[in-house]
Every structure is written in structure tokens, then in C-alpha cells.
There are 2 protein chains.
Amino acid sequence: MTSQQDLLDTLALVARALGNGHRLALLERLAQAEASVDTLASTTDLTVGNASQHLQQLRRAGLVTASRSGKQMIYRLTDERIVLLMGLLRQVAETNLAEMERLVGRLFADDDAQGALEAVSRRELLAKLQGGQVALLDVRPEEEYAAGHLPEAINIPLAQLEAMLDRLPRDKEIIAYCRGPYCALSHEAVQRLHQLGYRVRRFEEGYPEWKAAGLPVMR
Amino acid sequence: MTSQQDLLDTLALVARALGNGHRLALLERLAQAEASVDTLASTTDLTVGNASQHLQQLRRAGLVTASRSGKQMIYRLTDERIVLLMGLLRQVAETNLAEMERLVGRLFADDDAQGALEAVSRRELLAKLQGGQVALLDVRPEEEYAAGHLPEAINIPLAQLEAMLDRLPRDKEIIAYCRGPYCALSHEAVQRLHQLGYRVRRFEEGYPEWKAAGLPVMR
DNA sequence: CTATCATTCAATGAAACGATAGAATGATGG
DNA sequence: CCATCATTCTATCGTTTCATTGAATGATAG
């Protein structure tokens, strides 16, 4: 006979797979684009061996799948909803853990010093895009942009921001986005563009959340 | 400087709190109604000491709060969204873990043998309630019903089902619900009522999901 | 078919987790 | 203020998790 407890124990298995900072980092990275072990290891500052082990655990929990492509093993998220799950986890943590608030506060401290332009919510962004008076700026690395991005977004990786300013319209408000709420790239971009006199704000989410919400994406 | 990794580590802390079957059981119980350590321990088959420890962990993770009422410590969920979080965790687990499917399959095996009436979805239930030709049956214990229930639901705890049949209308279809998708109470009720000749089906979710979705509840 | 590259496996030690038992704390009722 | 009840704290032991190391496997290019 199946007891309810067996089911809960199995659910706990999945939750436990989410219960490690490095694994969450791997999942966030995978939410941008599928990637090889090697790539994942270097973008998350793990040794290859260690990354591989964590990926196995995620695989056992059904959160990622792997397939071989030549010498490389390509990992990807099994399910779009994993992004939603992490988003909800984030919301619950932010509203109920003081520690979390402290850390997020610090991440946003720069912005506040700068003149406190609040981040643009998804709803607000949709309205602005409808109106057509904003330009979307994707400051992620080129490969992540290539794997998928918001419609009509202009890609300028942060490192080349100043060098490629000519791609940005001067007459529109600019909305910058990157990997997600905790990603520093768009914060940085907004600061730098603001100093250069652009009207610029940050999208409070990132590409993965947009996609997981079922909104249209481009390649 | 706050690194993104600090934030992920803190998130992982919350996920880890969900990563234990007993703690998930405690949370599910708390989703029904607030309760004392003693009550929680006995409904989840834990010793009081052990339950207390798990509750502390949930508290550290910001998932529950406690307040003293006389000699007793009353625990409650901090946030309605925790129910949503567990629901999403369940969905992800069910679609991506074979083991999960196996266990759920077994739980539903009885129903299938019985003539396979599929469970009623939330959307379907809302439509049926609109129409007015169904009666809602809440088969949870009286205290949980008292703490909150679906509008117009009739409470008959499973143990008294046969004794209190006169409360059920014979001319309407009956929709039974209980604590949630994995709760056995409504399965059992449906089987027994079906044998007695009632037109009866099961709501696929439970009270906590209904409430967390922002739908109206009664006391 | 061998050298190389990408990844996984296996073994180790340190740290964290989980259950238990028994002592300690806090509130209440006489 | 003492006895009782509900809960928490402390200490212990066995188990699991995590990072590291180095060896093993699998695929490819010459």
C-alpha cells in the first residue's frame, strides 16, 4: 500500500535537489540556455568534477536532462516550470526571511544611491512595449542572447556597452534586462547608461521568467 | 559586497527546509489549520520532541511562525504562497520523476478499478457550482472544517459517513474534497458513496489549494 | 589504434542532518 | 509555591551530504 508519506518523501527528494546554492546557480544558468558541463562549471565557479556531481543530482531529481553531443554532454532543464518554482521560492524567501531582505537590499543599494529609479515590473513593461516608446536592451553574453531573448531586444554584452552605444536609440527610454532578478548585469548597465545621460530603467525580472510566463521570445 | 551566490545560498536554505518528508507533512497539516506542537506531532506520527525540532527548522527558514497560547505553542504558515510552492513542486515532480508517477498511480489504483471517474478540476468545479446542481462534501475532521472550508460545503468526517448520510441531498451530484491531492479521505468517501448509489466525484485538489488560489472560503 | 579532450566514477575526510533520550524551561491551576 | 503539562534544549550516534583527488570511461581527430 502506498502511503502518503512515500509521496512526500519523493517530493522532498526534489526539494533537496534545490537545497544547495551551487545547484541553484546551475539551474539559473541552465534557464538561460542549455550548456555543456564545462561551460556550466566555469560560469558557476565550480570545478568540472564538482559541477558534474551536482548535475547528476539534479538529474536524479528529474530537474535536468543530459544528452551527448560529440565529446560534450549538453544539459538542459526538463521543464519550464522549474523557473516558476525558483521564482516562487524566491518570493517566499524574500517576504519571510529577514536575512534575504538584507542581502537583496545590499544588491540594490547602488541604485538607491544613484537616484532610485524603481525597476520595471512585467506588467509595466508589457504596457510600455505596447506603446512603442521604449527600446529593450539585453546585456547578457552573446551566446545567451542567441539562445533566446525578448522580442526586438538589442544585444550589447555589458563589456562592450560603451563601444556599441550607436546601436541604442537616443530618443527612446531604454529598458535593460539580463538573467533574472539577482543578476548584476542590468544593474551595472543602468548605472553606466544613466551617467551617460540616457533615460534608462531596469526590468525587474529576466529572460527566463519572461519565457516561463509563456510570453513570446525570439531567437 | 553581496555576491549573487550569497542570495542563492539563502534561497537554498529555504529549499532545504522543504527537503524532508516529515517537514512537508507538517506544512501540509498546517495548510489546513494552525495547530499546537502536540496536535501536529500526533497527526504526522512524530514524537513531540522530533516534531518540535522540525518546526524549529521550518521557523528558521521563515516558513512558519509560532506564538504562545497558554501552555501551548501554536504554529501557523507564514505565507499563503507556501501552498502554491508545494503545489508547483508537486507538479514538477509528477511530470519529471518516474518514481512519482508510480506512487501516484498506486494511490489512484482503487478508483480506476472502481469505474474510473476522473477527479474534478478546479475550473470544472467552479462551473458546476455556478450551475448549482452539485453539493460539496468536506470529509475532513471537524476541527479542520471549522478552521475554514469551501463555500456551502457540508462537513461529514469520514468516520461518520454512513451515520450522517441524511445530511446529503440525494438529487444532486456530490463533489467530495479533503486536504489535498494526496489525501486519501476523499478517495475513500467517493468509493463508499459510489457503492451506496450516490452520484459522486472527487475534487482533485483540496481546501488549501482553493484558499491559496484566492477563492472564497467560509468559517 | 592511439593521443587527447570532456566527463564520470570511486574513495576519502569534514561537516551537516535526523532520531532518540533525558534534562531544562515556561505557563498554569490549585 | 508546588505539581503538572507542553514544549524546547542538550548530547549522542548513525547517516547523508559536500568538496577534493585521482583513476576510469567515451568520443573524436589524426
Side-chain angles (χ1 to χ4, degrees), chain A residues 3 5-6 8-27 29-30 33-61 63-76 99 143, chain B residues 3 5-6 8-27 29-30 33-61 63-76 99 143:
Chain A
S3 80
Q5 196 58 51
D6 294 334
L8 293 181
D9 288 343
T10 308
L11 267 193
L13 221 77
V14 179
R16 215 162 32 237
L18 296 171
N20 175 284
H22 294 310
R23 284 196 294 273
L24 288 177
L26 287 167
L27 290 173
R29 175 58 183 75
L30 285 170
E34 58 179 44
S36 67
V37 176
D38 191 66
T39 308
L40 290 167
S42 59
T43 56
T44 55
D45 273 313
L46 293 172
T47 63
V48 171
N50 199 357
S52 175
Q53 304 242 49
H54 281 302
L55 288 166
Q56 311 288 322
Q57 271 185 259
L58 291 172
R59 192 145 71 147
R60 263 176 264 134
L63 298 175
V64 307
T65 51
S67 62
R68 196 174 264 284
S69 162
K71 293 192 214 183
Q72 299 192 323
M73 216 52 179
I74 304 296
Y75 280 83
R76 52 182 73 78
E99 170 70 2
E143 314 82 60
Chain B
S3 79
Q5 197 56 52
D6 294 335
L8 292 181
D9 288 344
T10 309
L11 268 194
L13 221 79
V14 179
R16 215 165 29 240
L18 296 171
N20 175 285
H22 293 311
R23 284 195 294 271
L24 288 177
L26 287 166
L27 289 173
R29 175 59 184 75
L30 284 171
E34 58 179 43
S36 67
V37 176
D38 191 66
T39 308
L40 290 167
S42 59
T43 56
T44 54
D45 273 314
L46 293 172
T47 63
V48 170
N50 199 359
S52 175
Q53 304 242 50
H54 281 302
L55 288 166
Q56 311 288 321
Q57 285 193 50
L58 291 172
R59 193 146 69 147
R60 261 175 266 136
L63 298 175
V64 307
T65 50
S67 61
R68 195 173 266 285
S69 162
K71 290 193 217 183
Q72 298 192 324
M73 217 51 180
I74 304 297
Y75 279 84
R76 52 183 72 77
E99 170 70 3
E143 313 84 59

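Every value quoted in this text rests on a predicted model; they were computed, and no experiment measured them. Order of the sequence lines sets the chain letters (A, B, ...), proteins ahead of strands, with each chain counted from 1.
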**Fill in**
In B:V37, B:V64, B:T43, B:L46, the residue satisfying side chain to side chain contact (heavy atoms under 4.5 Å, CB included) with B:L26 is B:L46
For the pair made of [atom1] in [X] and [atom2] in [N], what is the distance, rounded to whole Å?
X     : N      : atom1 : atom2 : value
B:R23 : C:dC17 : CZ    : C1'   : 8 Å
B:M73 : C:dA24 : CE    : C1'   : 16 Å
B:N50 : C:dA19 : CG    : P     : 5 Å
B:L46 : C:dC17 : CG    : P     : 18 Å

**Asked** Looking at D:dC18, C:dT8, C:dG18, which one has an atom nearest to any side-chain atom of A:S52?
**Response** C:dT8
**Message:** From the set C:dT7, D:dT8, D:dA27, return the single nucleotide nearest to any side-chain atom of A:K71.
**Reply:** D:dA27
Is the phosphate of [N] approached by [X] (side-chain N or O, under 4.0 Å from OP1 or OP2)?
X     : N      : value
A:Y75 : C:dT8  : yes
B:N20 : C:dG18 : yes
B:H54 : C:dC17 : no
B:Q53 : C:dA19 : no
A:R16 : D:dT17 : yes

**Item:** 5'-most by nearest nucleotide on DNA chain D - B:Q72 or A:Q57
**Value:** B:Q72
Counting N and O atoms only, with roles assigned by atom type, does the side chain of [X] sit under 3.5 Å from a partner on the main chain of [Y], one being a donor and the other an acceptor?
X     : Y     : result
B:R23 : B:A17 : yes
B:R29 : B:A41 : no
B:T47 : B:N50 : yes

**Message:** What's B:R59 touching, base or sugar-phosphate or nothing? Going by heavy atoms closer than 4.0 Å.
**Reply:** nothing
